[in-house]
Asks: 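Right, I'll just put the structure down here and ask away after.
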Amino acid sequence: MIKIYNTLTRSKETFKPMKENLVKLFVCGPTVYDNSHIGHARTYISFDIIARYLKYRGFSVFYLQNITDIDDKIIKRAVSTGEDPIDLAREFEAKYLQDMKTLGVENVNFYARATEHIKEIIVQIETLLEAGYAYETDTGVYFDISQYPDFGKLSNRKIEDLNVHRISPDSSKRNPEDFALWKKKDETPTWDSPWGTGRPGWHIEDTAITEEYFGPQYDIHGGGLDLIFPHHEAEIAQMESASGQKPMVRYWMHTGFLNVKGEKMSKSLGNFITIKELLTKYSPDVFRFFVLSTHYRSPIDFSQEILEQSHNSLNRIYKFYETLEELLNVDDSSLDEPSPDESSPHNSIPETKENQEIDRLLEETKFKFLEAMDNDFNTPSALSLIFDFIRATNQNIRQGEISQKSVQNIKFFFNEISDILGLNFTSQPKNSKGHLEDELVDIIIDIRKKLRKKKDWELSDAIRSRLDDLDIILEDK
RNA sequence: GCCAAGGUAGCUUAGAGGCGAAGCGGUGGACUGCAGAUCCAUUACACGGGAGUUCAAAUCUCUCCCUUGGCUCCA
């Protein structure tokens with residue numbers, strides 16, 4: 001039984017989709033006006049894992065994400081570079097999708113562009129106007145907040161408290177908190193509407209898109225913590241007013257921020273790290289492990305040092321997996337050490353008490369792993385169980401008390417974990433050098449092996465150290 | 001001002017009334033020609049301060065202190 005923390009009720013609730021085992025999941029996508037940064041990556045990796053786990057648990061997941069490809073920031077950026085706004089949006093959308101692919105975020109079923117849903121947006125605005133929830137002024141069409149008394153239920157705010165404004169409200173609005181559904185504009189790009197040319201407001205695209213694909217009610221809506229207010233609040237107001245059905249969303253999920261030295265990452269603070277920059281230094285898996293090591297709702301503090309910690313921790317799992325593979329392919333090691341005592345053809349260790357112990361521990365770990373993930377996707381807790389298991393198993397391996405069958409079962413479990421968490425320790429890339437380079441390095445290593453057999457330590461060490469200078473690390477077994 | 005999330009060993013994180021956590025780091029050992037990696041063991045008075053409830057509190061209540069975020073740009 002999966003429990004999900006619902007921002008709306010501020011409590012964990014048992015997850016039950018509206019329709020049997022079909023999960024309709026919507027996550028707010030990016031506004032594509034610049035490169036995506038690692039804060040975005042945190043959120044999308046978190047929801048990637050959530051989608052993976054729901055699938056693992058037998059749900060059929062339809063994961064929908066919007067792409068905000070029209071908005072003030074895009075236009076502003078396009079004006080400054082002299083580019084067409086839509087071209088600019090397409091360019092950064094492509095980069096975003098590439099970043100996600102590199103990060104192993106691959107469970108989104110459909111990306112919906114705002115500009116390809118203008119028709120649906122207009123229909124929804126018309127519905128709101130007809131029902132008296134919206135009104136038209138000289139500057140646009142606005143949602144009338146006084147018609148929706150529940151406004152603020154998600155962020156736990158009262159309308160009367162919303163009196164601090166960074167931007168002075170448009171004077172044509174009835175209430176200062178009313179938000180734009182349609183902005184009347186002349187500068188391109190614009191779309192025709194019953195209210196003249198212009199473009200949609202920010203919030204309406206999501207509800208138009210989700211209504212189109214999911215209907216007025218669906219299961220999970222996710223996004224970063226910063227979207228709770230006003231974005232998600234506005235979505236609720238629009239959709240529930242337009243459809244008359246509540247709730248629009250059954251489970252609201254929000255990811256915590258990625259901070260740098262305790263501060264939110266932002267351009268103005270200059271602590272902005274793009275996904276591309278990150279990946280020049282660390283592998284996608286290291287970053288994913290870093291994300292996994294904190295609960296998705298908690299703030300996560302980024303630093304080089306912590307990524308190093310993640311790297312080291314992850315290596316422990318990698319090495320364990322390698323050990324499993326070695327145990328299953330004992331004949332491979334015959335080149336180096338033909339261990340005569342254990343070279344019996346079957347090399348099978350009979351079922352012993354120790355083996356039963358390991359098998360029991362495996363079952364227990366599996367159970368607890370699911371329990372941790374069921375509990376609002378508690379990945380840190382799940383990881384901790386894996387480390388417990390590795391330590392205990394290593395002890396048995398060291399004593400030689402483990403059967404091939406047990407190793408196989410363990411490996412199978414780790415393959416599952418690899419899938420659920422999206423960590424690729426099953427196919428760990430060795431060296432991402434070019435093909436020819438690989439082979440050249442192999443030749444050098446081969447020669448060095450022979451030198452070591454001759455106990456020519458001086459030359460062996462020199463080779464190792466020269467390779468080290470090229471970031472090729474040799475580790476003798 | 002209002003709303004929200006936090007303060008857990010040197011660092012990063014789980015936990016959420018009782019059985020003293022996981023990883024990283026440190027230390028010791030095994031292995032090794034050496035180095036590294038790996039493995040094992042071990043280490044660390046752990047719960048922001050103060051009061052209260054309770055047989056029992058990191059965990060519940062109150063209060064105070066501190067940090068961060070949001071309050072129509074935001075993942």
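In what follows, chains carry the letters A, B, and so on, assigned in the order in which the sequence lines appear, proteins first and then strands, with residues in each chain numbered from 1. Given the structure is predicted, the values throughout are model-derived calculations rather than measurements.
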Asks: Just to be sure I understand the rule, does A/Tyr44 reach a base, reach only the sugar-phosphate, or reach nothing, if contact means heavy atoms closer than 4.0 Å?
Replies: sugar-phosphate

Asks: Determine, for nucleotides 25-32 of chain B in 5'-to-3' order, which nucleotides have protein heavy atoms under 4.0 Å from the base (write B), from only the sugar-phosphate (write S), or from neither (write -).
Replies: S-------

Asks: Please list, for nucleotides 41-43 of chain B, all pairs of protein and nucleotide N/O atoms separated by less than 3.5 Å.
Replies:
from	atom 1	to	atom 2	distance (Å)
B/A41	OP1	A/Gln395	NE2	2.9

Asks: Find the distance A/Lys319:NZ to B/C24:P and express it as a whole number of Å.
Replies: 14 Å

Asks: Using a cut-off of 4.0 Å on non-hydrogen atoms, how would the nucleic acid contact of A/Lys455 be classed: base, sugar-phosphate, or nothing?
Replies: nothing

Asks: Can you tell me the distance, in whole Å, between the CD1 atom of A/Ile463 and the C1' atom of B/A35?
Replies: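 My rounded result for the distance is 15 Å.
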
Asks: Kindly indicate, with the supporting measurements, whether the criterion ring-ring contact (aromatic ring centres under 6.0 Å, His included) is fulfilled by A/Tyr44 and A/Tyr96.
Replies: CA-CA 11 Å; A/Tyr44 298 124; A/Tyr96 167 71; 5.6 Å; yes

Asks: Whole angstroms only, please: what is the CG-P distance between A/Asp461 and B/A35?
Replies: 10 Å

Asks: Salt-bridged, A/Asp461 to A/Arg464, with N to O below 4.0 Å?
Replies: yes

Asks: Please work out if A/Gly223 contacts a base, only the sugar-phosphate, or nothing of the nucleic acid, heavy-atom cut-off 4.0 Å.
Replies: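 Counting heavy atoms under 4.0 Å across all strands, the contact made by A/Gly223 is with sugar-phosphate only.
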
Asks: Please tabulate, one pair per line, each protein N/O and nucleotide N/O from nucleotides 4-7 of chain B that are separated by under 3.5 Å, including the distance.
Replies:
from	atom 1	to	atom 2	distance (Å)
B/A4	OP1	A/Asn156	ND2	2.7

Asks: Of A/Thr255, A/Asn378, A/Asp376, A/Thr379, which is the lone residue that meets side chain to side chain donor-acceptor pair (under 3.5 Å) with A/Tyr296?
Replies: A/Asp376

Asks: Carefully, step by step, assess A/Thr393 and A/Thr323 under the rule side-chain contact (heavy atoms from CB on, under 4.5 Å).
Replies: CA-CA 11 Å; A/Thr393 307; A/Thr323 307; over 6 Å; no

Asks: On the nucleotide B/U38, are OP1 or OP2 found under 4.0 Å from the side-chain N or O atoms that A/Asn394 carries?
Replies: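 For B/U38, OP1/OP2 do not have a side-chain N/O of A/Asn394 under 4.0 Å.
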
Asks: For B/A58, measure the glycosidic angle (O4'-C1'-N9-C4 for a purine, O4'-C1'-N1-C2 for a pyrimidine) and name it syn if it falls within 90° of 0, otherwise anti.
Replies: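 This nucleotide is in syn.
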
Asks: What's the closest nucleotide to the side chain of A/Thr294 if the choices are B/U72, B/C24, B/A14?
Replies: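 The nucleotide sitting nearest to the side chain is B/A14.
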
Asks: Quick one: label A/Gly29 by what it contacts on the DNA or RNA (base, sugar-phosphate, nothing), any heavy atom closer than 4.0 Å.
Replies: sugar-phosphate

Asks: Taking only the C1' atom of each, what is the distance from B/U12 to B/G6 in whole angstrom?
Replies: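 About 15 Å, rounded to a whole number of Å.
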
Asks: Under a 3.5 Å threshold, yes or no: a donor from one side chain and an acceptor from the other, between A/Asp206 and A/His231?
Replies: yes

Asks: Rounded to the nearest Å, what distance is computed from the CG atom of residue A/Asn315 to the C1' atom of nucleotide B/C39?
Replies: 14 Å

Asks: Select one nucleotide: of B/G33, B/A14, B/A75, the one nearest the side-chain heavy atoms of A/Arg448.
Replies: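 So the nucleotide nearest the side chain must be B/G33.
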
Asks: Angle between ring planes, A/Phe62 versus A/Phe214, binned at 30° and 60°: parallel, tilted or perpendicular?
Replies: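 Geometry flag for A/Phe214 against A/Phe62: perpendicular rings.
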
Asks: In plain terms, say whether A/Glu93 and A/Arg113 are close enough for a salt bridge, that is, a side-chain N and a carboxylate O under 4.0 Å apart.
Replies: yes

Asks: Which residues pass the ring-ring contact (aromatic ring centres under 6.0 Å, His included) test with A/Phe302, sequence neighbours left out?
Replies: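 Expected list: A/Phe290.
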
Asks: Which heavy atom of A/Pro299 sits nearest to which heavy atom of A/Asn259, and what is that distance?
Replies: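 Looking at all heavy atoms of both residues, the shortest contact is CB-ND2, 3.7 Å.
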
Asks: Would you mind reading off the distance between A/Ile228 atom CD1 and B/C2 atom C1', rounded to a whole angstrom?
Replies: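 These atoms are roughly 15 Å apart.
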
Asks: Not counting sequence neighbours, which residues clear side chain to side chain contact (heavy atoms under 4.5 Å, CB included) with A/His232? List them please.
Replies: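 Applying side chain to side chain contact (heavy atoms under 4.5 Å, CB included) to A/His232 gives A/Cys28, A/Leu154, A/His221, A/Leu227, A/Glu235, A/Trp252, A/His254.
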
Asks: For A/Asp226, report the nucleic acid contact type (base, sugar-phosphate, nothing); a contact means any heavy atom under 4.0 Å.
Replies: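 If one applies the 4.0 Å heavy-atom cut-off, A/Asp226 turns out to touch a base.
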
Asks: Give the rounded distance in Å between these two atoms: CD of A/Glu305 and P of B/C11.
Replies: 9 Å

Asks: Ignoring the backbone of A/Arg316, work out which of B/U13, B/U72, B/G23 is nearest its side chain.
Replies: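 Comparing B/U13, B/U72, B/G23 against the side chain of A/Arg316, the answer is B/G23.
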
Asks: RNA chain B: stems of at least 3 consecutive Watson-Crick or G-U pairs, cut-off 3.5 Å?
Replies: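 Stems found: B:1-7 with B:65-71, B:10-13 with B:21-24, B:25-30 with B:38-43, B:48-52 with B:60-64.
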
Asks: Could you tell me the separation between the NE2 atom of A/His311 and the C1' atom of B/C11, rounded to a whole number of Å?
Replies: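 Rounded to the whole Å, the gap is 17 Å.
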
Asks: Salt-bridged, A/Arg199 to A/Asp72, with N to O below 4.0 Å?
Replies: yes

Asks: Should the pair A/Phe414 and A/Tyr321 be assigned to parallel (<30°), tilted (30 to 60°) or perpendicular (>60°) ring geometry?
Replies: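 Aromatic pair A/Phe414/A/Tyr321 classed tilted.
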
Asks: With rounding to whole Å, what would you report as the distance between B/A58 and B/A16 at their P atoms?
Replies: 15 Å

Asks: Name the closest nucleotide to the A/Phe387 side chain, picking from B/A22, B/U72, B/C34.
Replies: B/A22

Asks: Of the nucleotides B/U68, B/A14, B/U72, which has the atom closest to the A/Asn259 side chain?
Replies: B/U68

Asks: Taking atom types as modelled, is there a side-chain donor on A/Thr207 or A/Gln124 under 3.5 Å from an acceptor on the other?
Replies: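 The criterion, which ignores hydrogens and geometry beyond distance, is satisfied for A/Gln124 and A/Thr207.
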
Asks: Could you say whether A/Asn375 or A/Ala392 is positioned toward the 5' end of RNA chain B, judged by the nucleotide with the nearest heavy atom to each?
Replies: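 The residue whose closest nucleotide sits nearer the 5' end is A/Asn375.
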
Asks: Which part of the nucleic acid, if any, lies within reach of A/Thr43 when heavy atoms closer than 4.0 Å are counted: base, sugar-phosphate only, or nothing?
Replies: base

Asks: Is the shortest side-chain N to carboxylate O distance from A/Arg360 to A/Glu363 below 4.0 Å?
Replies: no

Asks: Could you check A/Tyr282 against A/Glu308 for side chain to side chain donor-acceptor pair (under 3.5 Å), going step by step and ending with a plain yes or no?
Replies: CA-CA 9 Å; A/Tyr282 296 96; A/Glu308 282 303 326; 3.2 Å; yes

Asks: On RNA chain B, does the nearest nucleotide to A/Asp71 precede the nearest nucleotide to A/Leu385 from the 5' side, or the other way round? Give the residue.
Replies: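 It is A/Leu385, whose closest nucleotide lies nearer the 5' terminus.
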
Asks: Report the distance from atom CH2 of A/Trp202 to atom C1' of B/C73, rounded to the nearest whole Å.
Replies: 8 Å

Asks: For A/His37, which contact category applies under a 4.0 Å heavy-atom criterion: base, sugar-phosphate, or nothing?
Replies: base

